[in-house]
Each structure stands twice: as C-alpha cells, then as structure tokens.
Engineer: 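Can you read through this structure? Questions will come right after.
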Amino acid sequence: MENSADQKVRVRFAPSPTGGLHLGGVRTVLFNYLFAKKYNGQFILRIEDTDQSRFVPGAEQYILDTLAWCGLTPDESPIHGGAYGPYRQSERKPMYKQYASQLIEQGNAYYAFDTSEDLDAKRKEIPNFQYNRATRMSMKNSLSLPASEVTRLLNENTPYVVRINMPDSEELVFEDLIRGEVKFDTSMVDDKVLLKADGMPTYHLAVVVDDFLMKITHAFRGEEWLPSAPVHILVWKNLFGLDQMPKWAHLPLILKPDGNGKLSKRDGDRLGFPVFAMDWTDPNTNETTIGFKERGFLPEAFVNLLAMLGWNDGTDQEIFSLPTLIEKFTLDRVHKGGAKFDYEKAKWFNQEWIKQSDNAYLANLVAPYFETAKIEIHEPSYLVKVIGLVKERCQLLTDFIPQSAFFFTAPTEVDTASILPKWDPAKAAFFTSIMDAYVNEAVTNDATELETHFKALAAEQGLKPGDLMLPFRIMLVGGKFGPGVFDIVANIETKDAAKRIQYCLDLLSKN
RNA sequence: GGCCGGUUCGUCUAUCGGUUAGGACAGCCCCCUUUCACGGGGCAAAGACGGGUUCGAUUCCCGUACCGGCUACCA
C-alpha cells in the first residue's frame with residue numbers, strides 16, 4: 001500500500017462513550033493501529049458522543065485507559081491534541097449543520113417535520129414501514145409540502161430532522177479492502193436521518209464529515225456497518241466527491257462461543273469470562289463488570305489473542321508481540337467470516353506470555369494482587385525468585401496468589417485427609433526427626449543438600465522416601481500442588497518448614 | 001419479510017486447481033515428573049448441499065440450505 005507524501009495514512013477509531021470497551025471494539029482499534037503503524041501513518045481517536053441520551057460519564061476516560069493498557073496509544077485524541085480537533089463530535093456540532101444545509105440546497109437531502117408520534121403511528125399502520133421514495137410523499141417534509149408551508153414551519157421553529165434523499169435506482173458500488181466489490185441498489189435503502197431535531201448529526205453524517213475534515217485515508221469498522229455503507233457513500237459523493245473518500249474495510253464480527261450471534265457483555269456474565277478489556281463500573285447502577293486486565297491477563301497476551309481472531313500471517317506462528325504484528329500485518333490476510341470467541345484458547349495465549357515474560361516484569365504486575373490478598377512482600381527480589389519457580393503453572397496473573405502464597409505465609413488450610421489414610425507412627429517419628437534437624441540447623445537451606453539429608457534420614461529409619469514426599473508437600477503447601485518440595489524448603493527456610501511440620505503433626509495427632 | 005455479508009475438525013485457522021487437507025486450543029492415551037504443572041510422543045476430529053467449468057475442485061461460477069448483520073431522530 002504505497003502512498004504519496006501528501007496522502008499520509010490516517011485511520012481512526014470512533015467509539016461512542018456508552019460503557020466498557022468490549023473485545024470487538026479493541027480488535028477494531030488493534031487493526032487500525034497495526035495498519036497505521038505499518039505504513040507510518042497516524043491513528044486517531046474520535047469520540048462519537050452525538051447521542052446525548054446514551055452518554056455515560058467516565059466512558060471516555062475508560063476508553064483512553066484501555067488503549068493505554070493495551071499499548072495502542074492514539075496519535076491524536078481529545079487528550080493528545082492534534083491539528084484536526086476537536087476530537088469529540090459534541091464539540092463539532094456547528095460543523096455538521098452547514099453540510100446538512102449544503103445537501104438540502106443540492107437536493108440531496110430534505111427537511112422532515114414528522115414527529116416521533118407520526119412515525120410510530122405509521123410503523124403501526126404499515127408493517128415494515130420505511131421512510132423512502134415510496135412513502136416520503138405521504139409524509140410531512142419539504143418534498144411533499146408546498147414551499148410556502150415549508151418556509152412557514154421553518155419560521156415557526158417547528159422541530160425538524162434532515163433526511164437523505166435516496167435516489168431512485170442507482171447502483172452504488174464500492175471496493176471493500178476485505179470483502180472486495182460490494183454493490184447496493186439505492187432503491188432498497190431508506191431515507192436515513194442525517195441531522196437530528198436537536199441539531200446533532202447522526203452517525204451517518206458525522207462519520208463522513210469528520211473523516212473528510214480529519215483527512216482519514218482508511219476507514220475500518222465492524223461488519224455491522226456494511227448495510228449503511230450506501231448512505232455514507234452517497235453523502236461522500238454529494239459533499240466531497242468519491243475520489244476523496246477513504247478506503248473502507250469492514251471487519252468480521254466476534255461471535256459468542258456457544259450458539260450464534262455477536263458476542264455481548266451478557267455472554268461473558270453467563271459463561272463466566274470477561275468481555276470488556278478492563279473493569280467497567282456503570283455509574284448509574286454501580287455495577288462492575290470484570291475486565292481481562294483484572295482477570296489477570298497480560299496486555300501483550302490480550303493484544304495477541306485479539307489479533308489472531310480474524311487474522312494470521314499464513315504460517316503456524318501464533319505468538320506475536322505488538323512490534324511483530326505491526327511488521328507482519330496485512331489487510332489481505334484478515335478474514336471475512338466472524339470468529340467465535342474461545343476463552344480456553346484466550347487463557348492459553350496468556351499462559352504462553354507468562355512463560356516467556358521476564359520474572360521481574362511479572363513481579364511488578366502481580367504485586368497488586370498480593371496486596372489485595374493481604375500477603376506482605378518484604379523483599380521484592382524474593383517475589384521475583386518465587387515467580388520463576390511457579391510461573392509455568394499459572395494461566396492468569398491471579399493464579400500466582402494460590403500458586404505461591406505458601407512461600408510467604410504458612411497454609412491455613414491443610415489437606416490432612418490426603419495424608420491420613422497412610423499415616424502411621426513411624427512416619428510421625430520421621431517428621432519429628434526432620435523437624436528437629438531443621439530447628440537445630442543441621443542442614444543448610446540448599447535444595448540438593450536438603451534432599452540428600454531427607455533421603456538419608458528416611459533410609460536410616462527404614463522408610464521409603466516416596467511414601468514421605470506427599471505428606472511432606474502437604475505439610476509445607478497445604479495441598480497437592482506447587483514446585484519441587486526441596487525448592488520450597490530452601491526458600492521458606494528450614495526454620496519455617498519446621499513450624500509447618502509441627503503444626504501439621506499436631507493436627508494429625510488429633511485424629 | 002427485504003437488503004448485505006459469511007460457510008474447512010467441537011473452536012481458532014493453513015490451503016491462493018493436483019496435499020495421506022497441515023497447525024493450535026479443548027478432549028482422550030502414553031512418557032517425563034515420588035505433587036500440580038511445564039515438556040515430549042500419540043489418538044480422534046473437517047471441506048454444508050446440488051449443479052456446472054476443468055484432465056482434475058475445499059479452492060472458480062451458479063443455485064439451495066444454514067448462520068450472522070442491518071432494517072431508530074443508537075452507534
């Protein structure tokens with residue numbers, strides 16, 4: 001995709017601030033970002049807050065935070081500035097009316113005075129009612145009414161909307177970067193509202209005007225927008241000319257894992273996985289919806305998994321860093337079909353990233369979880385060491401808590417039920433002697449030395465080490481999990497181990 | 001209903017006319033591991049259907065079916 005110097009690649013993500021950003025939204029950001037960076041272009045964030053009734057305070061900040069977490073920072077946005085502001089549509093309100101007037105003057109749009117009650121009545125009266133060339137003459141608008149009447153209504157400040165005047169039978173064709181040629185017959189499209197009664201543009205007008213004013217060269221959006229493409233193309237044609245229009249690419253949808261349909265927040269609630277990138281608290285209900293971040297996902301993994309939902313580089317490689325994605329990304333390898341979201345696979349991506357991440361890096365990310373779990377970390381380097389020991393058994397960052405808590409505090413719950421069936425006085429005696437050895441510092445805190453000592457002592461007492469390992473592990477960590485036992489003892493140190501043995505011995509003797 | 005889009009293992013996907021249709025996740029089995037994992041090996045699993053075009057179709061064309069999206073003064 002070569003482009004001349006004056007045609008610098010500019011793409012945009014244009015969400016409405018109505019709530020949390022879900023998977024599909026972030027993936028649209030990602031593809032925008034990858035494309036922009038790949039071609040040395042710019043990525044713009046534009047807030048589409050034209051619907052005042054759906055505006056949710058905090059949602060814009062949330063979007064900014066999410067992009068920051070993912071590492072997909074815009075070059076221009078409400079807070080990053082840029083030469084094409086403002087970047088909130090509500091602040092661009094005056095710009096739209098002028099273009100709506102231009103369309104009316106050109107005969108490409110018209111005033112419509114129908115109230116929402118009028119429309120409701122019509123829709124009730126006629127099934128599948130469409131405001132289009134077949135019905136518009138029977139409605140109250142500047143096409144059906146005498147000019148004098150229109151002037152009168154306007155002078156009386158009668159509320160009106162501006163509707164696009166869809167031509168009769170015109171074939172509208174455009175080249176979608178992902179789907180190829182897509183055709184529409186204008187007679188099948190209705191007269192969409194371009195400017196609302198409150199003077200705000202609808203998406204249909206705003207997207208065209210802003211893409212033009214912001215010099216957008218490539219417009220990516222979800223597939224759900226495909227049906228309204230003819231409206232946008234027509235507005236482009238009548239306002240700025242088709243040669244100015246950005247190249248469109250309609251991205252496939254992310255589908256729910258079971259059944260069919262677009263993935264929604266509800267599906268996540270129902271199936272027990274996040275759908276939003278980060279925690280989102282609805283300011284009205286105060287309800288918090290869990291996000292991938294808080295669930296314990298690494299941003300690298302989140303971005304990686306999103307990229308693979310609808311794109312691949314043609315090889316078997318699945319793990320990609322953001323810089324590699326930028327390097328490898330091409331639109332012609334983006335799929336046309338939607339992809340069902342698979343949370344198991346998502347976790348696998350995260351596990352892969354945990355395995356290959358630096359221990360100190362992980363320690364920083366995991367530390368807050370320890371804090372909320374009220375586990376104190378006295379020595380940061382100790383945490384780093386522990387992470388190295390347990391990271392390959394963690395899929396999520398949150399797994400580090402149960403997988404390594406025993407390195408910091410003695411287990412409170414001990415699975416004695418797994419020891420009891422094969423427990424006998426000989427074993428009790430053995431652990432008493434191990435405990436004594438530890439208390440008296442007869443062994444150093446070295447894993448191999450501890451193991452040698454343990455086995456020698458077992459042999460001395462005529463016991464098989466294999467019969468002692470499981471009880472020992474349970475005494476130390478509370479259950480059947482964790483790294484090698486002697487690595488654990490070496491790290492928590494013999495004195496602490498002795499206490500845990502004592503505690504467990506007491507528990508067992510009560511049975 | 002209408003318009004638009006889509007269709008390869010359960011899931012994500014490779015294949016750009018000729019392959020024993022490959023990989024990954026999940027599942028099952030084995031090895032490694034005196035726990036849980038990691039790792040290694042193996043098994044099972046797919047071209048929606050019907051017509052063309054072609055020496056040859058998963059691949060190109062048409063139709064059917066199925067799935068999805070849209071059909072608001074929401075985006």
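Lettering of chains follows the sequences in order, A, B, ..., and the numbering in each one begins at 1.
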Engineer: Does any N or O in the side chain of D267(A) come within less than 3.5 Å of the main-chain N or O of L263(A), such that one atom is a donor and the other an acceptor?
Structural biologist: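 Pair absent, no side-chain N/O of D267(A) close to backbone of L263(A).
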
Engineer: What residue among F273(A), F349(A), W348(A) forms ring pair (Phe, Tyr, Trp, His ring centres under 6.0 Å) with Y343(A)?
Structural biologist: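 Going through F273(A), F349(A), W348(A) one by one, the ring pair (Phe, Tyr, Trp, His ring centres under 6.0 Å) with Y343(A) is satisfied by F273(A) alone.
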
Engineer: Which part of the nucleic acid, if any, lies within contact of Q130(A), taking any heavy atom under 4.0 Å across all strands shown: a base, the sugar-phosphate backbone alone, or nothing?
Structural biologist: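 Answer is sugar-phosphate: Q130(A) comes under 4.0 Å of backbone atoms only.
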
Engineer: Is H250(A) touching bases, backbone alone, or none of the nucleic acid, heavy atoms closer than 4.0 Å?
Structural biologist: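 Nothing, no heavy atom under 4.0 Å.
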
Engineer: Heavy atoms from C-beta onward define the side chain here; which of C73(B), A75(B), G68(B) lies closest to that of E48(A)?
Structural biologist: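 Looking only at heavy atoms from C-beta outward on E48(A), the closest nucleotide is A75(B).
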
Engineer: Quick check for you: among G39(B), A37(B), U15(B), whose closest atom lies nearest to any side-chain atom of K355(A)?
Structural biologist: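 Nearest listed nucleotide: G39(B).
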
Engineer: Over all strands shown, is G484(A) touching base, sugar-phosphate only, or nothing at heavy-atom distances under 4.0 angstrom?
Structural biologist: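 Counting heavy atoms under 4.0 Å across all strands, the contact made by G484(A) includes a base.
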
Engineer: Residues from residues 53-62 of chain A sitting under 4.0 Å of RNA chain B, heavy atoms only?
Structural biologist: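 When residues 53-62 of chain A is checked for heavy atoms under 4.0 Å from RNA chain B, the hits, listed by number, are R54(A).
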
Engineer: On RNA chain B, does the nearest nucleotide to T202(A) precede the nearest nucleotide to E224(A) from the 5' side, or the other way round? Give the residue.
Structural biologist: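 The residue closer to the strand's 5' end, by nearest nucleotide, is E224(A).
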
Engineer: Pick base, sugar-phosphate or nothing for D49(A), based on heavy-atom distances below 4.0 Å to the nucleic acid.
Structural biologist: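 No contact.
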
Engineer: Go ahead and name the base partner of U19(B); Watson-Crick or wobble counts if both distances stay under 3.5 Å, otherwise write none.
Structural biologist: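 Partner of U19(B): none.
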
Engineer: Heavy atoms only, 4.0 Å cut-off, all strands: where does A339(A) land among base, sugar-phosphate and nothing?
Structural biologist: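 Here A339(A) touches the backbone only, sparing every base.
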
Engineer: If you look at every strand shown and take non-hydrogen atoms under 4.0 Å, does P230(A) touch a base, only sugar-phosphate, or nothing?
Structural biologist: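 The answer is nothing, as P230(A) stays clear of every strand by at least 4.0 Å.
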
Engineer: Determine the contact category for G482(A): base if any of its heavy atoms lies under 4.0 Å from a base atom, sugar-phosphate if only primed atoms, P, OP1 or OP2 are that close, otherwise nothing.
Structural biologist: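 Base contact.
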
Engineer: If you measure from the Lys or Arg side-chain nitrogens to the Asp or Glu carboxylate oxygens, is any gap between D120(A) and K122(A) under 4.0 Å?
Structural biologist: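 No salt bridge links D120(A) with K122(A).
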
Engineer: Considering every strand and a 4.0 Å limit on heavy-atom distances, what is the contact class for K262(A): base, sugar-phosphate, or nothing?
Structural biologist: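 Sugar-phosphate only.
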
Engineer: Check the side chains of D210(A) and Y96(A) for a donor-acceptor pair under 3.5 angstrom, ignoring hydrogens and angles.
Structural biologist: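 Side-chain D/A pair, Y96(A) to D210(A): present.
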
Engineer: Regarding C36(B), can its base be found pairing with the side chain of R393(A) as donor and acceptor, where the two atoms are less than 3.5 Å apart?
Structural biologist: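 In this structure, the two groups form a donor-acceptor pair.
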
Engineer: Strictly by Watson-Crick or wobble contacts shorter than 3.5 Å, is anything paired with G1(B), and which nucleotide is it?
Structural biologist: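 G1(B) is paired with U71(B).
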
Engineer: With sequence neighbours left out, what residues match F55(A) under side chain to side chain contact (heavy atoms under 4.5 Å, CB included)?
Structural biologist: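 P17(A), D49(A), P57(A).
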
Engineer: When you get a sec, tell me which of G5(B), C70(B), C74(B) is the closest nucleotide to the side chain of E223(A)?
Structural biologist: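 That would be G5(B).
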
Engineer: Please measure how far the P atom in G23(B) lies from the corresponding atom in U15(B), and state the result in whole Å.
Structural biologist: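 Each nucleotide's P atom is 15 Å from the other's.
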
Engineer: Applying side-chain contact (heavy atoms from CB on, under 4.5 Å), run through K427(A) and K422(A) and close with a yes or a no.
Structural biologist: CA-CA 9 Å; K427(A) 285 177 186 163; K422(A) 290 183 178 172; 3.8 Å; yes

Engineer: So what does R221(A) touch, heavy atoms closer than 4.0 Å: a base, only the sugar-phosphate, or nothing?
Structural biologist: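 The answer is nothing, as R221(A) stays clear of every strand by at least 4.0 Å.
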
Engineer: How long is the straight-line distance from CD1 of I164(A) back to CD1 of I104(A), given to the nearest 0.5 Å?
Structural biologist: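 Between atom CD1 of I104(A) and atom CD1 of I164(A) there are 11.5 Å.
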
Engineer: Applying the Watson-Crick and G-U wobble criteria at under 3.5 Å, what pairs with A48(B)? Answer none if nothing qualifies.
Structural biologist: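 Result: U64(B).
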
Engineer: Syn or anti for C49(B), with syn set at within 90° of 0?
Structural biologist: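 What C49(B) shows is an anti base, its glycosidic angle lying more than 90° from 0.
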
Engineer: Under 4.0 Å between any heavy atoms, over every strand shown, what does F184(A) touch: base, sugar-phosphate, or nothing? Just pick one.
Structural biologist: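 Sugar-phosphate, no base atom in range.
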
Engineer: The side chain of R123(A) lies closest to which of these nucleotides: G6(B), A72(B), A75(B)?
Structural biologist: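 The nucleotide sitting nearest to the side chain is A72(B).
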
Engineer: How about N32(A) and R12(A): does a side-chain donor come under 3.5 Å of a side-chain acceptor?
Structural biologist: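 There is no such pair (donor and acceptor under 3.5 Å, judged by atom type) between the side chains of N32(A) and R12(A).
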
Engineer: F329(A) ring centre to R333(A) NZ or CZ under 6.0 Å, with the angle to the axis within 45°?
Structural biologist: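 The answer is no; the distance or angle limit is not met.
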
Engineer: Who is the Watson-Crick or G-U wobble partner of C25(B), with both distances under 3.5 Å?
Structural biologist: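 Matched C25(B) with G10(B) under the 3.5 Å cut-off.
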
Engineer: Summarise how protein sits on nucleotides 20-26 of chain B as a single string, 5' to 3': B when a protein heavy atom is under 4.0 Å from the base, S for sugar-phosphate-only contact, - for no contact.
Structural biologist: --BSBS-

Engineer: Base, sugar-phosphate, or nothing for L253(A), non-hydrogen atoms under 4.0 angstrom?
Structural biologist: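 The residue L253(A) makes sugar-phosphate contact but no base contact.
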
Engineer: Just to be sure I understand the rule, does V161(A) reach a base, reach only the sugar-phosphate, or reach nothing, if contact means heavy atoms closer than 4.0 Å?
Structural biologist: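 Base, at least one base atom sits under 4.0 Å.
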
Engineer: Could you measure the distance from the OH atom of Y503(A) to the CG atom of L508(A)? Nearest 0.5 Å is fine.
Structural biologist: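 Reported value, rounded in 0.5 Å steps: 11.0 Å.
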
Engineer: Just checking V182(A): base, sugar-phosphate only, or nothing, at a heavy-atom cut-off of under 4.0 Å?
Structural biologist: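 Since only primed, P, OP1 and OP2 atoms lie under 4.0 Å of V182(A), the category is sugar-phosphate.
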
Engineer: Check each of R133(A), R163(A), R136(A), Q130(A) against D191(A) using the side-chain hydrogen bond (donor to acceptor under 3.5 Å, both in side chains) test, and report the only one that passes.
Structural biologist: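 Only one of R133(A), R163(A), R136(A), Q130(A) forms a side-chain hydrogen bond (donor to acceptor under 3.5 Å, both in side chains) with D191(A), namely R136(A).
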
